[in-house]
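Indexing begins at 1, ligand by ligand and atom by atom, following the structure's order.
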Amino acid sequence: MSLKSQIDLGRLPRHVAVIMDGNGRWAKQQGEERIFGHHNGVTSVRETAEAAAELGIQYLTLYAFSTENWNRPKDEVEALMELLVHTIHNETKTLNENNIRLEAIGDLSSLPKNCFNELQEAMQKTAANTRMKLVLALSYSSKWEIIQAVKKIASSVVAGSISIDDINDSTITAHLCTSGMPDPELMIRTSGERRISNFLLWQLSYAEFYFTPKLWPDFRKEDFYEAILNFQNRERRFGKISEQLTT
Ligand code: IPE
Ligand code: IPE
Ligand code: MG
């Protein structure tokens, strides 16, 4: 029985988030420069997006570049931005063929102009697609996002449009970049690292975490199915006890 056929399509996560990690190590293992790993990671992005869309997942968020990644060597940052420009440009057609809408979260204004423009164009060209939203986290960090949210909420309080007592869970949620999206129920991280690296801290508060030693460029559809199956075998209690869930 194939992995895919074991998946219960009635109990899919609506939103899956992925920390695509291990490109540099993958390249080193082949005796290549780190950027070779980033280039090969594009195939994994394609496979994962296809697998998610085929299953019927509504939101797939991929952590592609963190705020902290700006601190990498200049040539790696430049090569990553170039790769981003080319990939977005080349994949727009496939996204449209597959009815996938591209979105982005993060401090997009900090991206190089050509990268920002390419991204805007691809988002516009795919805006009418309805099968799945593919969300790229670019120049993203959760602390940055939360600071933005706090500033906006504080300004509304100062302006008198909301009162402090009205601030609740929904207020914060509505001021994050992910406003309007359901929280991810499943977060996958490749490369064996078991940390969150400033990714969706608020939104992952009740997510199930799945860690695989596979390096990102080796990640394929079957690995995605495995993560979904693993998720479907978890008991999500949300603070309650098992007996309350079965009754
Ligand atoms: C993930 O792979 C890609 C980005 C962070 C852009 P890495 O580049 O972090 O690869 P490792 O973790 O060094 O192997
Ligand atoms: C997290 O990976 C960011 C992305 C995958 C884009 P890193 O490789 O940058 O994370 P750390 O620094 O090892 O935690
Ligand atoms: Mg890494």
Side-chain angles (χ1 to χ4, degrees), residues 15-49 52 59-91 102-112 114-116 118-119 133-147 176-178 181 184 186-204 207 209-220 223-224 227:
H15 187 173
V16 178
V18 185
I19 303 181
M20 311 183 286
D21 200 13
N23 295 353
R25 277 164 281 171
W26 187 88
K28 283 275 159 70
Q29 282 177 4
Q30 331 259 325
E32 299 280 352
E33 298 291 326
R34 294 178 52 85
I35 189 67
F36 182 68
H38 298 314
H39 277 269
N40 280 274
V42 176
T43 308
S44 310
V45 170
R46 215 178 283 128
E47 287 251 332
T48 306
Y59 295 84
L60 176 69
T61 298
L62 303 178
Y63 204 4
F65 194 85
S66 73
T67 307
E68 289 75 21
N69 289 149
W70 289 115
N71 299 320
R72 290 193 177 193
K74 192 167 164 279
D75 57 348
E76 180 168 344
V77 172
E78 282 174 6
L80 271 168
M81 291 300 143
E82 271 313 299
L83 177 64
L84 202 64
V85 171
H86 286 117
T87 307
I88 293 170
H89 186 84
N90 295 337
E91 299 295 322
L102 184 72
E103 295 202 354
I105 56 171
D107 184 9
L108 306 182
S109 65
S110 68
L111 295 171
N114 63 335
C115 192
F116 178 83
E118 202 64 65
L119 188 64
K133 280 189 180 140
L134 174 64
V135 184
L136 293 184
L138 286 170
S139 190
Y140 173 88
S141 82
S142 198
K143 285 192 176 179
W144 165 84
E145 177 187 41
I146 291 169
I147 293 164
L176 299 175
C177 304
T178 49
M181 301 181 198
L186 170 64
M187 193 283 276
I188 300 170
R189 184 170 189 153
T190 57
S191 88
E193 307 296 351
R194 292 169 182 249
R195 57 177 171 270
I196 198 165
S197 301
N198 218 344
F199 189 43
L200 304 172
L201 302 179
W202 174 274
Q203 298 89 332
L204 292 176
F209 286 10
Y210 178 83
F211 298 104
T212 167
K214 277 250 167 122
L215 302 175
W216 180 248
D218 287 330
F219 197 83
R220 291 292 175 269
D223 300 297
F224 188 76

Nearest protein heavy atom with distance in Å, relative to atom 9 (O) of ligand 2: Asn69 ND2, 2.9 Å
Under 4.0 angstrom from ligand 1, any heavy atom of Gly22? yes
With no hydrogens and no angle check, just 3.5 Å: does a side-chain donor-acceptor pair link Arg220 and Thr43? no
Between Thr212 and Thr190: side-chain donor-acceptor atoms closer than 3.5 Å: no
Minimum non-hydrogen distance to atom 11 (P) of ligand 2, winning option of Gly24, Ala137, Ser197: Ser197
Pick, from Leu83, Asp21, Leu138, Ile19, the option with the minimum heavy-atom distance to atom 7 (P) of ligand 1. Asp21
Indicate yes or no for a side-chain donor-acceptor contact from Tyr63 to the backbone of Leu138 under 3.5 Å, with no hydrogens or angles considered. no
Ignoring hydrogens, just give me the one of Arg72, Glu76, Arg34 whose non-hydrogen atom is nearest atom 4 (C) of ligand 1. Arg72
Look at Glu78 together with Lys74 and state whether they make a salt bridge at an N to O cut-off of under 4.0 Å. yes
Contact between ligand 1 and Glu193 is defined here as a heavy atom of the residue under 4.0 Å from a ligand atom; is it met? no
So if I count the atoms of ligand 2 from 1 in the order they appear, which ones are less than 4.0 Å from some heavy atom of Phe65? 6 (C)
At what distance is the nearest protein heavy atom to atom 6 (C) of ligand 1, and which residue and atom is it? Ala64 O, 3.4 Å
Do Ile19 and Ile188 come within less than 4.5 Å of each other through their side chains, counting heavy atoms only? no
Between the side chains of Gln203 and His15, is a donor N or O closer than 3.5 angstrom to an acceptor N or O? no
Does a donor on one side chain sit under 3.5 Å from an acceptor on the other, for Thr67 and Asn69? no
Among all protein non-hydrogen atoms, which one is nearest to atom 1 (C) of ligand 1, and what is the separation to 0.1 Å? Met20 O, 3.0 Å
In the protein, which heavy atom is nearest to atom 2 (O) of ligand 2, and how far is it? Arg189 NH2, 3.7 Å
Answer with yes or no whether Arg195 contacts ligand 2, where contact means a heavy atom under 4.0 Å from a ligand atom. yes
Within a distance under 2.8 Å of the Mg ion (ligand 3), the protein atoms of type N, O or S are Asp21 OD1
Flag for Asp218-Trp26: side-chain donor and acceptor within less than 3.5 Å: yes
For His38, counting its heavy atoms only, list the atoms of ligand 1 lying under 4.0 Å from any of them. 3 (C), 8 (O)
Answer with yes or no whether the side chains of Trp216 and Ser191 bring together a donor and an acceptor at under 3.5 Å. no
How about CD on Glu33, more than 12 heavy atoms from neighbouring residues, nucleotides or ligands closer than 6.0 Å, or not? no
Can you tell me if Arg34 uses its side chain to pair, donor with acceptor, with the backbone of Ala27 under 3.5 Å? no
Check this for me: does any side-chain nitrogen of one of Arg25 and Glu193 sit under 4.0 Å from a carboxylate oxygen of the other? yes
